[in-house]
Amino acid sequence: MRTPILAGNWKMNRTVGEATELVTGLLDVSKRASGVELVVGPPSTALSAVADALRGSSIGVAAQNMHWEASGAFTGEVSAEMLVDVGCKYVIIAHSERRQYFGETNETANKKLHAAFGGGLLPIYCVGETLDEREGDVMEDVVGTQVRDGLAGLTAEQAAQTVVAYEPVWAIGTGRTASRDQAQDAHAFIRGVLADLCGEGVAASVRIQYGGSANPGNIAELMSAPDIDGGLIGGASLKAESFAEMADIVQGVSAAA
Ligand code: PGA
């Protein structure tokens with residue numbers, strides 16, 4: 001059985017003070033949420049303070065990006081080792097905003113996945129098609145290539161520990177969520193690609209999150225799909241109450257399954 005994972009991607013939001021307040025508001029839900037793994041992804045300036053505020057709780061901390069090199073002349077970048085040093089467990093890799101605005105490719109994502117594992121972090125690897133790609137009927141080509149190229153060269157054990165986030169770009173921040181069936185079809189397709197790549201056993205253990213305008217009102221329906229193992233949540237993770245509400249819902253759905 002896969003434990004669902006609900007992760008907040010705060011993007012470029014929240015100062016250190018605001019971030020600390022937000023996660024302090026999640027401590028209660030983390031005590032009652034045993035059937036769901038909770039992760040928060042603050043901006044890099046708040047990682048250390050958030051990790052300190054969450055020490056001793058079951059909530060993990062994710063960075064939103066990293067560089068693949070261990071150190072050196074890479075102005076503005078941070079390494080896996082530095083993220084582990086401030087208390088990160090996860091790192092979000094190749095979010096569509098990084099692909100769209102900052103030149104992230106499947107190739108750089110692959111280097112980052114290897115570097116994450118090498119440095120002791122677990123990757124949350126984002127994939128997903130644009131609206132043009134969906135309407136042009138090339139969703140499977142695009143997402144299949146993202147999965148294959150991104151995970152290339154990982155060991156079976158590393159692939160099994162990778163969290164994949166399926167985030168259709170047209171659903172991110174738009175209020176337009178993929179339907180349960182659209183999301184389930186994409187997740188089943190991704191699991192099939194993983195099975196080709198690393199075998200059925202690995203594919204069955206990889207957690208595949210849905211992301212894109214997920215919120216307390218639609219998460220239960222999404223989670224009822226057999227291949228949806230949690231969510232990567234943007235806007236609705238920026239308030240402790242709505243993220244906590246989603247954690248309770250995900251836990252309830254997974255307990256009932
Ligand atoms: P959203 O963002 O929930 O605000 O659509 C999701 C994401 O980009 O990870």
Side-chain angles (χ1 to χ4, degrees), residues 4-14 18-19 22-23 26 36-44 46-47 50 59-66 88-104 109 112-113 116 122-131 133-134 139 142-143 146-147 150 162-180 182-183 186-187 190 207-223 225 228-250:
I5 175 166
L6 191 70
N9 172 14
W10 297 2
K11 310 191 181 186
M12 197 169 73
N13 294 292
R14 302 296 180 251
E18 291 164 350
L22 203 171
V23 293
L26 294 175
V36 51
E37 183 177 353
L38 299 179
V39 177
V40 291
S44 51
L47 287 170
V50 163
I59 304 179
V61 179
Q64 298 175 17
N65 183 35
M66 58 172 269
C88 292
K89 178 174 182 192
Y90 288 97
V91 58
I92 300 169
I93 290 177
H95 187 277
S96 66
E97 286 147 19
R98 298 221 57 90
R99 293 180 186 265
Q100 192 179 347
Y101 306 129
F102 302 102
E104 188 85 84
K112 291 180 182 187
L113 281 157
L122 296 173
I124 297 176
Y125 175 49
C126 301
V127 300
E129 81 288 359
T130 63
L131 188 57
E133 289 162 348
R134 174 161 283 262
M139 182 280 269
V142 171
V143 173
Q146 289 171 336
V147 173
T162 301
V163 176
V164 176
Y166 170 65
E167 299 206 305
V169 178
W170 47 271
I172 295 177
T174 58
R176 186 177 163 190
T177 321
S179 70
R180 177 192 183 278
Q182 282 174 323
H187 283 228
I190 290 167
R207 292 179 294 177
I208 308 176
Q209 298 175 306
Y210 168 80
S213 300
N215 60 49
N218 58 30
I219 192 73
E221 189 179 353
L222 288 160
M223 281 298 302
I228 299 183
D229 309 310
L232 182 57
I233 315 301
S237 72
L238 287 171
K239 291 222 161 67
E241 311 77 63
S242 61
F243 194 65
E245 192 182 341
M246 292 176 89
D248 281 334
I249 294 168
V250 171

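First listed ligand is number 1; within each ligand, the first listed atom is number 1. Fair warning: this is a prediction, and the values are worked out from it, not measured in the lab. In what follows, residues are counted from 1 in the order of the sequence shown.
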Quick one, V164 with I190, criterion side-chain contact (heavy atoms from CB on, under 4.5 Å). Give me CA distance, side-chain angles, the key distance, then yes/no.
CA-CA 9 Å; V164 176; I190 290 167; 4.2 Å; yes

Please assess C88 against L47 for the test side-chain contact (heavy atoms from CB on, under 4.5 Å), listing each intermediate value before the final yes or no.
CA-CA 7 Å; C88 292; L47 287 170; 3.8 Å; yes

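Looking only at protein heavy atoms, the nearest one to atom 7 (C) of ligand 1 is E167 OE2, 3.2 Å. In terms of protein heavy-atom proximity, atom 4 (O) of ligand 1 is nearest to G235 N, 2.9 Å. Ranking the protein heavy atoms by distance from atom 3 (O) of ligand 1 puts G234 N, 2.9 Å first.
At a heavy-atom distance under 4.0 Å, only side-chain atoms of N9, from C-beta outward, approach ligand 1.
Partners of E97 by salt bridge (charged side-chain N to carboxylate O under 4.0 Å, His left out), not counting sequence neighbours, listed by chain and number: K11.
Residue contact check: G212 has heavy atoms under 4.0 Å from atoms 5 (O) of ligand 1. Set against the non-hydrogen atoms of H95, the atoms of ligand 1 under 4.0 Å away are 7 (C), 8 (O), 9 (O). Near K11, meaning under 4.0 Å from any of its heavy atoms, are these atoms of ligand 1: 2 (O), 7 (C), 8 (O). Per-residue contacts place L232 under 4.0 angstrom from the following atoms of ligand 1 (heavy atoms of the residue considered): 6 (C), 9 (O). Near A171, meaning under 4.0 Å from any of its heavy atoms, are these atoms of ligand 1: 5 (O).
At a 3.5 angstrom cut-off on N or O pairs, G173 counts as close to ligand 1.
Taking the six-membered ring for Trp and thresholds of 30 and 60 degrees, Y166 and H187 have ring planes more than 60 degrees apart, a perpendicular arrangement.
Taking 4.5 Å as the limit, some side-chain heavy atom of V163 sits within range of a side-chain heavy atom of Q209.
Taking CG of L22 as the reference point, atom CD of E18 lies at 9.0 Å (rounded to 0.5 Å).
Residue A236 places every heavy atom at 4.0 Å or more from ligand 1.
In this structure, G150 and Y125 approach most closely via the heavy-atom pair CA-OH, 3.5 Å.
The pair R99-E167 does not count as a salt bridge, with every side-chain nitrogen at least 4.0 angstrom from each carboxylate oxygen.
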